[in-house]
Amino acid sequence: MRFDVITLFPAMFRALEDEGVIARALASGVAELHVWNPRDYARDIHRTVDDRPYGGGPGMVMKVGPLRAAIEDARAAAPLSRVAYLSPQGRLLDQREMARIAQDSGWVLIAGRYEGIDERLIAGWVDEEWSIGDYVLSGGELPAMVVMDAVIRLLPGALGHADSAREDSHVAGLLDHPHYTRPALVDGQPVPAVLLSGDHGAIQRWRLGQALGRTWLRRPDLLRRRSLNQQEQALLDEFIHAHQDAG
Ligand code: 9D3
């Protein structure tokens, strides 16, 4: 999969290339990253990429000329890619959207700065507009990196363990169960006995019950979007009863 990022801050993307699962996926060719800077396409002596908003008001707007030229070069280099603009006005992304995005052969990601980009660029050049959440950031670069991280780890060959992806889909739409590692006792807090039992069936059931219970407690909105099979419903009922007994 190919990503072409349009950004005034190309150096920020070194964070993706330097460390971790995504860096390895990029190094091994599972995904490709190309970065285009609109400032390189500005023709005036100041290399201007922004201008004052028509109608007045605070802040600046990314102007059409240099940004359009950068998008056009990126699209010529990646003719099969679709174009997404990261913006607070975009559709809120979730894991299902990430999986859909991962089906395409490539994306040109426009990371805006200032108050955003000229609306006519959105009308003429942008296929999709995406937000990563209802909080205010300083630009689209971190959201573009969030999308790349979430999407690239779904690509075949990106994760060392094929297990991880399978496990993810098994508990799709649920929060994770608690995790423990050695030592067995920390400040008097033991590890749940079932995890030391060696009974893999019991451990699997306990983990699923914990995942369901924590989702019920912390993110009931997620549970309402997901149907439960008979075993899951029984494990959740058991968790809820234990929770109520514990007061
Ligand atoms: C304080 C500026 N705001 C005026 C009311 C508007 C505004 C403009 C530009 C708010 C944020 C930004 C920069 N944000 C993004 O480019 C962005 C973003 C975000 O801020 N939150 C969640 N997802 C995204 S995707 C791109």
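When a residue number appears, it is its place in the shown sequence, counting from 1. Values in this document were obtained by computation on a predicted structure and should not be read as measured data.
For the side-chain hydrogen bond (donor to acceptor under 3.5 Å, both in side chains) with Asp221, the lone residue among Arg219, Arg224, Arg225 that qualifies is Arg219.
Both Met148 and Leu93 are assigned to one and the same hydrophobic cluster, defined by single-linkage of ILVMFWY side chains at heavy-atom distances under 4.5 Å. Grouping the Ile, Leu, Val, Met, Phe, Trp and Tyr side chains by contacts below 4.5 angstrom, directly or via other members, places Val49 with Leu86. Following chains of ILVMFWY side-chain contacts shorter than 4.5 Å, one cannot reach Leu222 starting from Val171, and the two form parts of different hydrophobic clusters. Cluster membership for Val83 and Ile101, using ILVMFWY side-chain heavy atoms within less than 4.5 angstrom, is shared.
His241 has its ring centre no less than 6.0 Å from the ring centre of His243.
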Worked check of side chain to side chain contact (heavy atoms under 4.5 Å, CB included) between Met145 and Val5: CA-CA 9 Å; Met145 286 189 251; Val5 181; over 6 Å; no
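Here Glu128 pairs with Arg100 in a salt bridge; the nearest charged N to carboxylate O distance falls below 4.0 Å. Residues Asp40 and Arg47 are paired through a salt bridge, judged by an N-O separation under 4.0 Å between the basic side chain and the carboxylate.
Across all non-hydrogen atoms, the minimal contact from Arg214 to Phe239 is N-CZ, 4.2 Å. Contact between Ile132 and Val146 at its shortest, heavy atoms only, is CD1-CG2, 4.0 Å.
Trp206 and Tyr180 have tilted rings, their planes meeting at an angle from 30° to 60° on a 0 to 90° scale.
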